[in-house]
Amino acid sequence: MFLRIYSTSIDPTPTEEPTMKLADRTAFVTGANRGIGRATVTALLDAGVRKVYAGARRVDSLPAFDDPRVQPVAIDITDPATIEAAAAAAGDVDLLINNAGTAAFGKLEDAPLESVHADMEVNYFGTLNVIRRFLPILETRRDAAIVNVVTIAAFVSFPGLGGYSASKAALYSLSQGLRIDLAPRGISVHTVNPGPIDTDMAKDLDMAKTTPETAAHNIVRGLANGDIDIFPDPAAVDMFGVWQGNYRDLEAAVSAMHHQA
Ligand SMILES: NC(=O)c1ccc[n+]([C@@H]2O[C@H](COP(=O)([O-])OP(=O)(O)OC[C@H]3O[C@@H](n4cnc5c(N)ncnc54)[C@H](OP(=O)(O)O)[C@@H]3O)[C@@H](O)[C@H]2O)c1
């Protein structure tokens, strides 16, 4: 089962007529200094957006994007004061990309409870606080969108990443709830659900990984298509396909992978 998951290579997001115009967008990306966030800023620029606020805990950790459309902004998504300052500085955002996240490795049965809390604080409560503060801004914009970077591990709990999986399942549920609440106000809510991507976060995962650049390209393509749930790499597409057939099959595949290791 596990081999079957990784042995296919499906084009991640089918190309359809674009339903979200990116050219006149003003985006805000959290965690833009490295990994998927950094690559997403570049992919948005390549797609022709008007402006990107590149959010980072430390602005001096941001790369030189060498593009006048990029505006660095300090934001720690667990710190309400920096969220407030970031929102005050970015009153024209219509595409909020909540990418910042953490992943604590450890078994649920004995990982330090602080690390389980920490993932929930960043991935769930941190993202929720950012969304709450940016909502009044998004409401003033036409066809605004919120994009939450979740993970395929929201659909199946990965052994050794149980706390992270739970925090991201909570974020997926938050996205579903907001989608219902915000649809009448013209704000769409999207999720991005990657499999293993070759970033610092996944450096200890012994799996085939997709580059952050490819994932970011597929994220932006999915957004241009107006996709609600985006699976930006072949592993995510394969695992979601198994989950759709029968979610227990995905659980069995992940469990077999764990016990073979
Ligand atoms: N890599 C994967 O295999 C994978 C798979 C599925 C989903 N994802 C998700 O993709 C997103 C990006 O992860 P990545 O793989 O690019 O990991 P990464 O290279 O570890 O980057 C994580 C980013 O989040 C930022 N961040 C962490 N805590 C923050 C906070 N409290 N406030 C603001 N920014 C914070 C980090 O900033 P600092 O540099 O300041 O720490 C960094 O920019 C995450 O939400 C992750 O869960 C990753």
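Indexing begins at 1, ligand by ligand and atom by atom, following the structure's order.
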Top protein contact for [atom], by heavy-atom distance:
atom                    : answer
atom 44 (C) of ligand 1 : Asn99 O, 3.2 Å
atom 30 (C) of ligand 1 : Asp76 OD1, 3.6 Å
atom 43 (O) of ligand 1 : Asn33 OD1, 2.6 Å
atom 20 (O) of ligand 1 : Arg34 NH1, 3.2 Å
atom 15 (O) of ligand 1 : Thr199 OG1, 2.5 Å
atom 22 (C) of ligand 1 : Gly101 O, 3.7 Å
atom 47 (O) of ligand 1 : Tyr164 OH, 2.6 Å
atom 41 (O) of ligand 1 : Arg57 NH2, 2.6 Å

Close-contact set for ligand 1 against [X] heavy atoms, below 4.0 Å:
X      : answer
Ile36  : 10 (O), 15 (O), 16 (O), 48 (C)
Gly35  : 16 (O), 19 (O)
Gly195 : 3 (O), 5 (C), 6 (C)
Ala202 : 1 (N), 3 (O)
Thr102 : 27 (C), 28 (N)
Pro196 : 3 (O)
Val149 : 9 (C), 10 (O), 11 (C), 45 (O)
Asp200 : 19 (O)

Practice prompt. Dump the intermediate steps for side-chain hydrogen bond (donor to acceptor under 3.5 Å, both in side chains) on Tyr172 and Asp229, then the final yes or no.
Written response: CA-CA 10 Å; Tyr172 190 84; Asp229 290 312; 3.1 Å; yes

Verify, without hydrogens or angle tests, whether [X] (side chain) and [Y] (backbone) share a donor-acceptor contact under 3.5 angstrom.
X      : Y      : result
Thr30  : Ala100 : yes
Arg185 : Glu139 : no
Thr40  : Ile36  : yes
His217 : Ala43  : no
Thr82  : Asp76  : yes
Asn99  : Val29  : no
Asp119 : Ala104 : yes
Asn98  : Asn148 : no
Ser165 : Phe158 : yes
Asp198 : Thr211 : no

Item to complete: Sequence neighbours left out, what passes salt bridge (Lys or Arg N to Asp or Glu O under 4.0 Å) with Asp60? Give chain and number order.
Response: Arg58

Item to complete: With heavy atoms only and a cut-off of under 4.0 Å, state how Leu205 meets ligand 1: side chain, backbone, both or neither.
Response: neither

Item to complete: Heavy-atom distances under 4.0 Å are what count here, so tell me which part of Val150 touches ligand 1: side chain, backbone, both or neither.
Response: backbone

Worksheet item: Pairs in or reaching into residues 165-182: which pass salt bridge (charged side-chain N to carboxylate O under 4.0 Å, His left out), with residues at least two apart or in two chains?
Response: none

Identity of the nearest option to [atom], non-hydrogen atoms only, from [options]:
atom                    : options                       : result
atom 34 (N) of ligand 1 : Gly37, Ala100, Ala215, Ser167 : Ala100
atom 23 (C) of ligand 1 : Gly31, Ala236, Ala56          : Gly31
atom 17 (O) of ligand 1 : Met201, Glu121, Lys209        : Met201

Discussion item. Testing Leu96, Leu135, Ile131 one by one against Ile187 for a side-chain contact (heavy atoms from CB on, under 4.5 Å), which residue passes?
Written reply: Leu135

Under 3.5 Å between some N or O of ligand 1 and some N or O of [X]?
X      : answer
Thr151 : no
Ile197 : yes
Ile77  : yes

Item to complete: Examine ligand 1 and decide if any of its atoms is less than 4.0 Å from a heavy atom belonging to Thr30.
Response: no

Item to complete: Look at ligand 1 and say whether Lys168 reaches it with a heavy atom at a distance under 4.0 Å.
Response: yes

Worksheet item: Which class fits the ring pair Phe155 and Phe231: parallel under 30°, tilted 30 to 60°, perpendicular over 60°?
Response: tilted

